[in-house]
Asks: 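The structure is given below, and queries will be raised subsequently.
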Amino acid sequence: MSDSSSPPPPTNNADSETTVSNDSESNTKCQTAIQSLATIVTTTDIPSTISNLLNDEAVSTAISSLLQRPDSGAGDNNLCRWLYDTFQSAEPSLQLLVLRFVPLIAGLYLSRVPLRQPQAGFEAVLLALYAHETTSRAGQAITVNIPDLSHPSIYHESKGLTRNNNSTCLNIAVLSSTLDPHGTVRSTRRARIVGVALELYYSKIPKMPRESKLNFCESCEKWAGQNGETEQPSRAVIPTLSDDSWREEEDVAIGGRSERDSGRIPLPWELLQPIMRILGHCLFGLKVEDRELSEAASKACQSLYLRSLHDINPKAILATGSLLRLREMALDPKNQIDHTEVSNDTLLTV
Amino acid sequence: MLGNQSGEFSENGDDEIIRQLCANGICMKTTEVEAKLDEGNIQEAESSLREGLSLNFEEARALLGRLEYQRGNLEGALRVFEGIDLQAAIQRLQVSVPPEKPATKKNRPREPQQLVSQHAANLVLEAIYLKAKSLQKLGRITEAAHECRSVLDSVEKIFQQGIPDAQVDNKLQETVSHAVELLPALWKESGDYQEAIAAYRRALLSQWNLDNDCCARIQKDFAVFLLHSGVEASPPSLGSQIEGSYIPRNNLEEAILLLMILLKKFNLGKAKWDPSVFEHLTFALSLCSQTSVLAKQLEEVMPGVFSRIERWNTLALSYSAAGQNSAAVNLLRKSLHKHEQPDDLVALLLAAKLCSEEPSLAAEGSGYAQRAINNAQGMDEHLKGVGLRMLGLCLGKQAKVPTSDFERSRLQSESLKALDGAIAFEHNNPDLIFELGVQYAEQRNLKAASRYAKEFIDATGGSVLKGWRFLALVLSAQQRFSEAEVVTDAALDETAKWDQGPLLRLKAKLKISQSNPTEAVETYRYLLALVQAQRKSFGPLRTLSQMEEDKVNEFEVWHGLAYLYSSLSHWNDVEVCLKKAGELKQYSASMLHTEGRMWEGRKEFKAALAAFLDGLLLDGSSVPCKVAVGALLSERGKDHQPTLPVARSLLSDALRIDPTNRKAWYYLGMVHKSDGRIADATDCFQAASMLEESDPIESFSTIL
C-alpha cells in the first residue's frame, strides 16, 4: 500500500497495512471516498486528491461544522458513516484523514454523554479506531523498561558493579495496558476506548494539521471544566482562537454555572495520559514553534492542571505542572540563547 | 594563532562596533572593506585584504565571509562563500594530512606541521559552517542541513584517525562542536525527522570531543525530541552497543535514559544544572506512572538545587502518586510545619486527601482541610470547595473511629454539612456527588442516598463501576432486591468481563436475599469460569502490578462461595471452598469467620469458638468475629451466667466500631434479656429490627 508519508516503522505494521495492493486500487479507494464526501459536504469544493484534502481548510471547516451539529453523532448520520467507511478502507492516507477529526469527535462525544443523546455514529468511528489499534498491537500492552543507571548503556558507562547483566531489577512500566476486543461501547470502557483512539492519533501526530491540534486543545479545556481559571492573569495575552465563543461564557462563569462547564467529564488516567502526550507534542514537539498552537496547548494544560488540583490527583498534578513550568522556562529569554551562534568578536582573525 | 592580541583591540568596541581584521601580525579597520562590500564589489574587497594582510585567496574570502555574516549581511556572506571551492579545499586537505597520520602517536616533532593543517582545516570548515548558518537564517533549512552535514563529513574524512586531545586547535574544536549541535536542530526544523534522529545519535555516539555543557544540551534536545516529536525512532543500531549494556527499545526509554544520565552529570558537577531536565523527567516518568523512580531521582539531586519545601512537596506528590501514602504524609508534615510553609494550599489539600483515606489520620486531615479552607482566598478561592470536600471526607472517616455515640453523630452531621458546602462550589463534580451519597447512605438516609447515586450515574454516563454498585446497594438496603438486580444487570451490560467480579458477587448475594440459592450458585459458577479464563488469557507474562489490579479476585470468589454454601447449610461444600480459598490467602479474619460458621452449623461449638477467636487475633477490629463470639457466648452461656458479661462487652465493642450492625444489636438484646434487663433488651431489639429494614447486602464502606 502506498505508505508514502509515514517513516519506516520496523515494528508496528498493522495487518491492514501489510496487505499488498497496488497503487491503482488505493487510488480507486481514494476516489470513492472523495466522491462520497462530495455528497455530504456540499458547501465547498472537494479537492481531487487525498493529500490536498487533509490540509484543505475549507473542507475541514465544513466537516467540523457538520460534526458540531447537535445530532451529528447519531447512528444514521451520513458523515459518521463516511468517516467509518473511510477508516475501514485500510488506506493509510484515508485513515489519516479520519484521524484528523478525532479531537473533535472525542471532544463532542465525551461531553455529550451525560446528555443521553444517541451517539452510535461517533461510537462506531471510535470503535473502528480502537479495533484497528487492537489488531495492530495484537492486544498486547505497551511497556517501558525504566533504565537503571547502574547498568551501562549506549550513552554512558557504569563503574558500578555489574554482577549480573541481565538482572531483573529493571522497572517495567505499563504505558498502555492490554486491549480486549470490544464490539460495543460499554460505558465503563468508554474512557479506555477514547483513550486508545487518542493514542492512535498521537502515533500519527506529526502528520496532523494544526487546526486539528487546535481542536484538541479546545476539547481539553472543555473536558477539564470550570476550575477557577478566570482569575488567572495569563489569560489576557492569548491571541484569538478560531472559535471565540467560550470567551463570553467565561465571563458569565464567575457567578457559577457556565455552559463551558457542561463539557466537564471524568478524567481517569487512561484518558488523561494520552491527552498529556498530545499536549506535550503541541508544546515541545513541533518542528518550528507555532505560537497560536502553543498558547492554546498551554491554556489547555493550565485548565487540566487546575482540574487535577480539584481532583487532587498527584500524578496529573506532576505531569501538567511540569509542562507548565517547562513552557514558562521556554518563554524566558534567558533560555533562548542560540548556542550554535559564532562569537561576535569585533576582532576577526584568520 | 593571534589570540594573545585580542585583548588590546577589544577596547575599541565602545559605542559603535568597529571591527578589526587581523592576520600575520597586521591589523586593519574594516570600514574600507565594508564600503567595498556594500558596493557589491567582492573582488576588490578581497584583493585589498590580500594586500593589506598578506593573505592567500581562500583566507581572504573566509575572512570576508565572516565579516559579512557578522554584519548580518547573509546574502552577501553566501555570495562570498560561494566564491570559494570548498569541496576542492577539503580534498586538498585530505590528501595532505593522512600520510603523516600513521606515525603521530606521541610524535612530538611533527606537531607544528599538524597545527598548520588543523588551522587550514578550520578555515575551510568554518566557512562551510557559516554558510550553513547563513542559509538557516535565510530560511533555507534543508540546504543549511546539507552544508552542516558536510562539515561533519569533512571532519571525519580529514582526521580519519582522530586528533589527540592535547593537540586540538581551539577554534577547530569550536567549529566542530557548533556543527555537531546545529545539524540535528536543522534536520528537525526541516521536518526530516529520521535524519534528525540519525544526527542526534551521530552527535552523541561518535567521538567529537564535545565539552560537557554542549554534550548535555544535545542530550537534552534529543530527549525532548524523543519525548514529544511523536515520531517513533527505530532503536539504535547494534554497532553502537556494548554487550550487556542497557538498550533502549523505544522513544520513551531512550528519553528517560538520557534525562537520567543528564541528572547524574549535574549531580556529579560535570555540567551546569538545567531545571528543565528535571521537569522533562517528571513528565516522562509520570506518563509511565513511575513516580517512585522520580522520587528516587529527586532524592539524589544535590542539596541547594531545590528549596527543601519544594523538594518535600514534589516528593510527596511523587510518593502519593506511587501509592506510598505514609511516606507522602510524613513529608507533608514537614513542609506544613509552622516554621516551613504551613499555608501551601496544594500541600494542605494533598495532606487532607491522604489522611481522609486512613481512619487513624482522619482527625489530622480535618485540621489540614480546615487550614486549606481558611487559606483559599483571592486567586485560590476556587479551591475552597475542594477544602470543604476534604473536610467532609475526613470528618466522615473520623466518625468511623470508635468514639462516643454523641461524638459520632456530631462528626457525621458536620461531615454532611461540609460536603453540602462543597457542592455549592462544585455543583457538577461527580465525585463529590458520590461522596455525599455515601455519607447519606451511611447515616441510613436512603432516599437522599439513592437520589445522589442516580445523579452520579447520570453525570458520569455510567462510566464508573462504583456508581452502579452503590445504587444497587442502596436499593438492597431499601429491600428493593429485584430493582437492585436490574441495576446490577444493567451494570454487567456496561462492563467488560474482567471487571464483572464484584458485580457478580453482588448479584449472587441479591439472589440469596431473594431466596433463590440455585441461581446464586450458578452465578458463582460463572465467576469461577471467569477466574479460569483470566488466568489463561494473561499467562505468565503478567507483571506484579497487573496481578494486583486483577479484577476477578480468586480468593474472594471461593470465599464468597463458601459463605453462600454456609447460608444454605451445605457444610461439606463450605469446607471444600474454604480449603480452596485458604490456598490463596492463608490468614484472613473473614475466612476464619466463615469457618467458624461452618463449625457452628455442625454443632461443633468449641471449634467454632476457636475459629472466631483466631479471626479476632488476626484482626482485632473484625466486627463479624466479635459478634459471632458474642452470639455464641450469649446463646451457649445462657445457663452459665458468668459468660454473659463477656458476651455483652464484646457486642458493645462491636457496636462501637459499627453501630449499624443489626446482629450485634440483636444478640445484645438477647444478653440483656437473659440477664433480665427487659427494657434494655426491648431497645436493642427495636434497633435491630429498624436496621434490618435498611441493611445493605454489603457494607457501604466497601465502595469508597
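Below, each value reflects all heavy atoms present in this structure, side chains not excepted, and no hydrogens, waters or symmetry copies. Keep in mind that this is a model prediction, so the values were computed, not measured. Letters go in sequence order (proteins before strands), and every chain restarts at 1.
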Asks: Pair B:Ser190, B:Asp192 - check side-chain hydrogen bond (donor to acceptor under 3.5 Å, both in side chains), show working.
Replies: CA-CA 6 Å; B:Ser190 74; B:Asp192 201 333; 5.2 Å; no
Asks: So for B:Leu67, is it side chain, backbone, both, or neither that comes closer than 4.5 Å to the heavy atoms of chain A?
Replies: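 The answer is both parts of B:Leu67.
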Asks: So which part of B:Asp493 gets closer than 4.5 Å to some heavy atom of chain A, the side chain, the backbone, both or neither?
Replies: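 Backbone of B:Asp493 only, per the 4.5 Å heavy-atom cut-off to chain A.
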Asks: Is the shortest side-chain heavy-atom distance between B:Ser289 and A:Val174 below 4.5 Å?
Replies: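 Not in contact.
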Asks: Could you look at A:Ala319 and say if it's the side chain, the backbone, both or neither that has a heavy atom under 4.5 Å from chain B?
Replies: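 For A:Ala319, heavy atoms of backbone and side chain both lie under 4.5 Å from chain B.
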Asks: Are B:His228 and B:Phe283 packed together at the side-chain level, in the sense that at least one heavy-atom pair is separated by less than 4.5 angstrom?
Replies: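 Heavy-atom side-chain distance check passes, below 4.5 Å.
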Asks: Please flag which part of B:Asp458 lies under 4.5 Å from any non-hydrogen atom of chain A: side chain, backbone, both or neither.
Replies: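 For B:Asp458, heavy atoms of backbone and side chain both lie under 4.5 Å from chain A.
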Asks: Would you mind checking which part of A:Val144 comes under 4.5 Å of any heavy atom in chain B, side chain (CB onward), backbone (N, CA, C, O), both or neither?
Replies: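 Both the backbone and the side chain of A:Val144 come within 4.5 Å of chain B.
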Asks: Quick one: what part of B:Leu53 sits under 4.5 Å from any heavy atom of chain A, side chain, backbone, both or neither?
Replies: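 Nothing of B:Leu53, per the 4.5 Å heavy-atom cut-off to chain A.
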Asks: Contact between B:Val464 and B:Asp431 at the side-chain level, heavy atoms closer than 4.5 Å - yes or no?
Replies: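 They are not in side-chain contact.
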Asks: Chain A heavy atoms under 4.5 Å from B:Ser320: which part of the residue, side chain, backbone, both or neither?
Replies: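 Contact with chain A involves both backbone and side-chain atoms of B:Ser320.
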Asks: Non-hydrogen atoms of chain B under 4.5 Å away: do they reach the side chain of A:Arg192, the backbone, both or neither?
Replies: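 For A:Arg192, there is no contact with chain B at all, as no heavy atom is under 4.5 Å.
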Asks: Measure distances from A:Leu318 to the heavy atoms of chain B and classify the residue's part below 4.5 Å as side chain, backbone, both or neither.
Replies: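 Both parts, backbone and side chain.
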Asks: Which bit of A:Met329 is near chain B, if near means a heavy-atom gap under 4.5 Å: side chain, backbone, both or neither?
Replies: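 For A:Met329, the contact with chain B is made by the side chain alone.
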Asks: Just to verify, what does A:Asp338 make a side chain to side chain donor-acceptor pair (under 3.5 Å) with, not counting sequence neighbours?
Replies: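 A:Asp338 satisfies side chain to side chain donor-acceptor pair (under 3.5 Å) with A:Thr340, B:Lys133 only.
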Asks: Any side-chain heavy atom of B:Lys188 within less than 4.5 Å of one from B:Val224?
Replies: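 Result no, sub-4.5 Å side-chain heavy-atom pair not found.
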Asks: Is any side-chain heavy atom of B:Ile256 less than 4.5 Å from a side-chain heavy atom of B:Leu281?
Replies: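 Contact flag for B:Ile256/B:Leu281 side chains = yes.
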Asks: Where does B:Gln290 contact chain A at under 4.5 Å (heavy atoms): side chain, backbone, both or neither?
Replies: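 The answer is the side chain of B:Gln290.
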Asks: Heavy-atom distance under 4.5 Å to chain B: side chain of A:Ile312, backbone, both or neither?
Replies: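 Both backbone and side chain of A:Ile312 come within 4.5 Å of chain B.
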Asks: Top residue by heavy-atom pair count (under 4.5 Å) with chain B, among A:Gly321, A:Pro206, A:Pro268?
Replies: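 If we count pairs closer than 4.5 Å to chain B, A:Pro206 comes out on top.
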Asks: Report the option among B:Ser292, B:Ala424, B:Ser229, B:Ala328 that has the most heavy-atom pairs separated by less than 4.5 Å from atoms of chain A.
Replies: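 Of the options given, most contacts go to B:Ser229.
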Asks: Quick one, A:Leu304 and A:Trp223 - any side-chain contact, counting heavy atoms below 4.5 Å?
Replies: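 A:Leu304 vs A:Trp223: side chains apart.
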Asks: What part of B:Phe425 is in contact with chain A, defined as an atom under 4.5 angstrom from a non-hydrogen atom: side chain, backbone, both or neither?
Replies: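 When you check distances to chain A, no heavy atom of B:Phe425 falls under 4.5 Å.
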Asks: Using side-chain heavy atoms (C-beta onward) and a distance below 4.5 Å, is A:Phe284 in contact with B:Ser276?
Replies: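 Of all side-chain heavy-atom pairs linking B:Ser276 with A:Phe284, none is under 4.5 Å.
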Asks: Answer with side chain, backbone, both or neither: which region of B:Tyr69 has an atom nearer than 4.5 Å to a non-hydrogen atom of chain A?
Replies: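 Side chain only.
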Asks: Checking B:Leu294 against chain A: side chain, backbone, both or neither under 4.5 Å from a heavy atom?
Replies: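 Side chain only.
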Asks: With only heavy atoms counted, which part of A:Leu309 is less than 4.5 Å from chain B, the side chain, the backbone, both or neither?
Replies: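 The answer is both parts of A:Leu309.
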Asks: Contact part of B:Leu492 toward chain A, heavy-atom cut-off under 4.5 Å: side chain, backbone, both or neither?
Replies: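 Just the backbone, heavy atoms under 4.5 Å.
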Asks: Given the rule in the side-chain contact (heavy atoms from CB on, under 4.5 Å) test, do A:Asn313 and A:Leu267 qualify, once you have shown the distances and angles that lead to the verdict?
Replies: CA-CA 10 Å; A:Asn313 177 348; A:Leu267 285 174; over 6 Å; no
Asks: Using a 4.5 Å cut-off on heavy atoms from C-beta on, say whether the side chain of A:Glu123 contacts that of A:Thr184.
Replies: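 They are not in side-chain contact.
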Asks: Should A:His310 and B:His382 be marked as a side-chain contact (heavy atoms from CB on, under 4.5 Å) after you check the CA-CA gap, both sets of side-chain angles, and the distance that decides it?
Replies: CA-CA 9 Å; A:His310 279 243; B:His382 62 99; 2.8 Å; yes
Asks: Can you list the residues that meet the salt bridge (Lys or Arg N to Asp or Glu O under 4.0 Å) rule with B:Glu181, with sequence neighbours excluded?
Replies: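 Partners of B:Glu181 under the salt bridge (Lys or Arg N to Asp or Glu O under 4.0 Å) test: B:Arg217.
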Asks: Could you look at B:Glu254 and say if it's the side chain, the backbone, both or neither that has a heavy atom under 4.5 Å from chain A?
Replies: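 Contact with chain A involves the side chain of B:Glu254 alone.
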Asks: Using the rule given for side-chain hydrogen bond (donor to acceptor under 3.5 Å, both in side chains), can you reason through A:His156 versus A:Ser153, listing the C-alpha separation, both sets of side-chain angles and the distance that settles it, and then say yes or no?
Replies: CA-CA 5 Å; A:His156 81 298; A:Ser153 76; 2.7 Å; yes
Asks: Which bit of B:Trp187 comes within less than 4.5 Å of chain A, counting heavy atoms only: side chain, backbone, both or neither?
Replies: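 When you check distances to chain A, no heavy atom of B:Trp187 falls under 4.5 Å.
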Asks: Who among B:Arg389, B:His178, B:Gln136 has the most heavy-atom pairs with chain A under 4.5 Å?
Replies: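 Most heavy-atom pairs under 4.5 Å with chain A: B:His178.
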Asks: Please classify the contact between B:Leu258 and chain A as side chain, backbone, both or neither, with a heavy-atom cut-off of under 4.5 Å.
Replies: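 Side chain of B:Leu258 only, per the 4.5 Å heavy-atom cut-off to chain A.
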Asks: Is chain A contacted by the side chain of B:Ser318, its backbone, both, or neither, given a heavy-atom distance below 4.5 Å?
Replies: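 Contact with chain A involves both backbone and side-chain atoms of B:Ser318.
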